[in-house]
Number of protein chains: 2
Amino acid sequence: MAARMTRQRTAVVEALDEIADFRSAQQLHETLRARGESVGLATVYRALQALADASEVDVLRAEDGESLYRRCARREHHHHLVCRMCGRTVEIDGPTVEAWASKVAAAQGFDDIEHTIELWGTCADCRASAAR
Amino acid sequence: MAARMTRQRTAVVEALDEIADFRSAQQLHETLRARGESVGLATVYRALQALADASEVDVLRAEDGESLYRRCARREHHHHLVCRMCGRTVEIDGPTVEAWASKVAAAQGFDDIEHTIELWGTCADCRASAAR
DNA sequence: CGATCTTTGACAACCGTTCTCAACAGGCGT
DNA sequence: ACGCCTGTTGAGAACGGTTGTCAAAGATCG
């Protein structure tokens, strides 16, 4: 149950530190492979899962169901505005929304409330390049 | 390109009309099979997809990535408070949240904004039965 | 250095979903 | 009613992301 610091784990963490956007496990795997830091795909998944469990990275689901990972600046609860084309991310929070969510849920007699609030859009750069 | 009214499609729509909660394609398939209305799994998926495209049903992703379907009372934009154990659903809306979402996204220069806002919890009934 | 015990990686297994394609059946014209 | 035309069905294969398997590799401690 230790948590040994292996070359592979270090590589994953470093890659995440350098990338500001949400990336899939497979994209990260490809990135690592491209830079010579060969790491097995299963290992990338395991590392990401461990990091997510430790709240070291945020996870969210793309529209096609793929999981995307990102090392966020703040560890406190927050949400994201993500470019669906390039993954560019802006961290956002909305105290008003938080309050609204828990109030609504409680009013219906629900417990253990959790909310999913994510914003998707196309960032200025991607819009420009898509327009040619 | 017609859109023929087949026994199978009718069966899927009827099942959805009778079930108030979010259900997966596989659960619906099982339900249909159980009541004697034998329909192929692929057909259930196709019917649900067609209904979703026509905005006849709402789709959302469970935490494990499975798609859940529900015939909602209103066709206008709204969100849901869903029991993660039984699928019980309450339709909710929050004009405040809508406004907040589009304002935040626009302020960052994002376009084609879309938002995912879903509330998950444990409903009173499930809490009671879980506590034995 | 050696023993121990977690971690790794190639590959198989999984699971939800979609594709394939021959058999089938609405629905329209006659 | 009858048939034809074409969209639909269903069993199973294929797919894509993710997780499990297990022998080999390597990190940590004495």
Side-chain angles (χ1 to χ4, degrees), chain A residues 1-16 21-54 56-70 82 84 87 116 118, chain B residues 1-16 21-54 56-70 82 84 87 116 118:
Chain A
M1 81 174 82
R4 296 178 180 170
M5 191 51 60
T6 63
R7 170 181 66 78
Q8 292 87 337
R9 282 218 252 262
T10 305
V12 171
V13 172
E14 280 178 359
L16 284 168
D21 311 330
F22 271 96
R23 288 291 150 80
S24 70
Q26 317 226 24
Q27 286 176 319
L28 284 167
H29 176 243
E30 192 45 52
T31 299
L32 291 170
R33 179 141 303 198
R35 66 167 70 168
E37 274 285 357
S38 170
V39 178
L41 178 56
T43 301
V44 173
Y45 273 107
R46 282 185 290 237
L48 288 172
Q49 195 163 274
L51 288 167
D53 288 348
E56 292 284 329
V57 297
D58 278 20
V59 190
L60 60 81
R61 297 259 181 186
E63 305 184 343
D64 66 0
E66 200 174 9
S67 291
L68 304 178
Y69 304 83
R70 175 176 193 263
V82 186
R84 79 187 110 230
T116 305
E118 301 296 342
Chain B
M1 87 172 83
R4 298 176 178 169
M5 191 52 58
T6 62
R7 171 181 66 77
Q8 293 86 336
R9 282 217 252 259
T10 305
V12 171
V13 171
E14 281 179 359
L16 283 168
D21 310 330
F22 270 96
R23 287 292 151 79
S24 71
Q26 316 226 23
Q27 286 177 320
L28 284 167
H29 176 244
E30 191 45 52
T31 299
L32 290 170
R33 179 140 303 198
R35 66 168 68 168
E37 274 286 355
S38 170
V39 178
L41 178 57
T43 302
V44 174
Y45 273 106
R46 281 185 290 236
L48 289 172
Q49 195 164 272
L51 289 168
D53 288 348
E56 292 284 329
V57 297
D58 279 20
V59 190
L60 61 81
R61 297 257 180 186
E63 305 183 343
D64 65 0
E66 201 174 8
S67 291
L68 304 178
Y69 304 83
R70 176 175 192 263
V82 186
R84 80 187 107 229
T116 305
E118 301 297 342

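No experiment lies behind these values; they were computed from the predicted model shown. For the numbers below, each heavy atom of this structure counts, side chains included, while hydrogens, waters and symmetry mates do not. Chain A is the first sequence line, chain B the second, and so forth, proteins listed ahead of strands; every chain is numbered from 1.
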Next item on the list: Using a strict cut-off of less than 4.0 Å between a Lys/Arg side-chain nitrogen and an Asp/Glu carboxylate oxygen, indicate whether R61(B) and E63(A) qualify as a salt bridge.
Entry: no
Counting the atoms with a prime plus P, OP1 and OP2 as sugar-phosphate, which does [X] contact under 4.0 Å by heavy atoms, base, sugar-phosphate, or nothing?
X: S24(A); value: nothing
X: T10(B); value: nothing
X: R46(B); value: base

Next item on the list: Return the minimal non-hydrogen interatomic distance between D58(A) and F22(A), and the atom names on each side.
Entry: O-CE2, 3.6 Å
[atom1] of [X] versus [atom2] of [N]: gap in Å, rounded?
X: L41(A); N: dC11(C); atom1: CG; atom2: P; value: 13 Å
X: E66(A); N: dC15(D); atom1: CD; atom2: P; value: 18 Å
X: R33(A); N: dT8(C); atom1: CZ; atom2: P; value: 14 Å
X: H29(B); N: dG16(C); atom1: NE2; atom2: C1'; value: 13 Å
X: D53(A); N: dT18(D); atom1: CG; atom2: P; value: 15 Å
X: Y69(B); N: dG16(C); atom1: OH; atom2: P; value: 12 Å
X: E63(A); N: dG17(D); atom1: CD; atom2: P; value: 16 Å
X: D64(A); N: dT17(C); atom1: CG; atom2: P; value: 13 Å

Under 4.0 Å from OP1 or OP2 of [N]: is there any side-chain N or O of [X] that close?
X: R9(A); N: dT8(C); value: yes
X: T6(A); N: dT8(C); value: yes
X: Y45(B); N: dT18(C); value: no
X: Q8(B); N: dT8(D); value: no
X: Q49(A); N: dT19(D); value: yes

Checklist line | Nucleotide of dG16(C), dT9(D), dG17(D) approaching T43(B) most closely (side-chain heavy atoms) | finding: dT9(D)
Next item on the list: Check every atom of dT18(D), dC19(C), dG9(C) against the side chain of A42(A) and return the nucleotide holding the closest atom.
Entry: dG9(C)
Please examine the side chains of [Y] and [X], heavy atoms only from C-beta on, and report whether any two atoms are closer than 4.5 Å.
X: L51(B); Y: L16(B); value: yes
X: E66(A); Y: Q26(A); value: yes
X: V39(B); Y: L28(B); value: no

Note to self: Quick check: on DNA chain D, is the nucleotide nearest Q26(A) upstream (toward 5') of the one nearest A47(B), or the reverse? Name the residue that is more 5'.
What the structure shows: A47(B)
Item checked: Check: R4(A) side chain, dT28(D) base, donor-acceptor under 3.5 Å -> no
Note to self: Closer than 3.5 angstrom, by distance alone: can the side chain of R9(B) be matched with the main-chain N or O of R4(B) as a donor-acceptor pair?
What the structure shows: yes
Check: Toward the 5' end of DNA chain C, which comes first, M5(B) or L68(B), by nearest nucleotide?
Finding: L68(B)
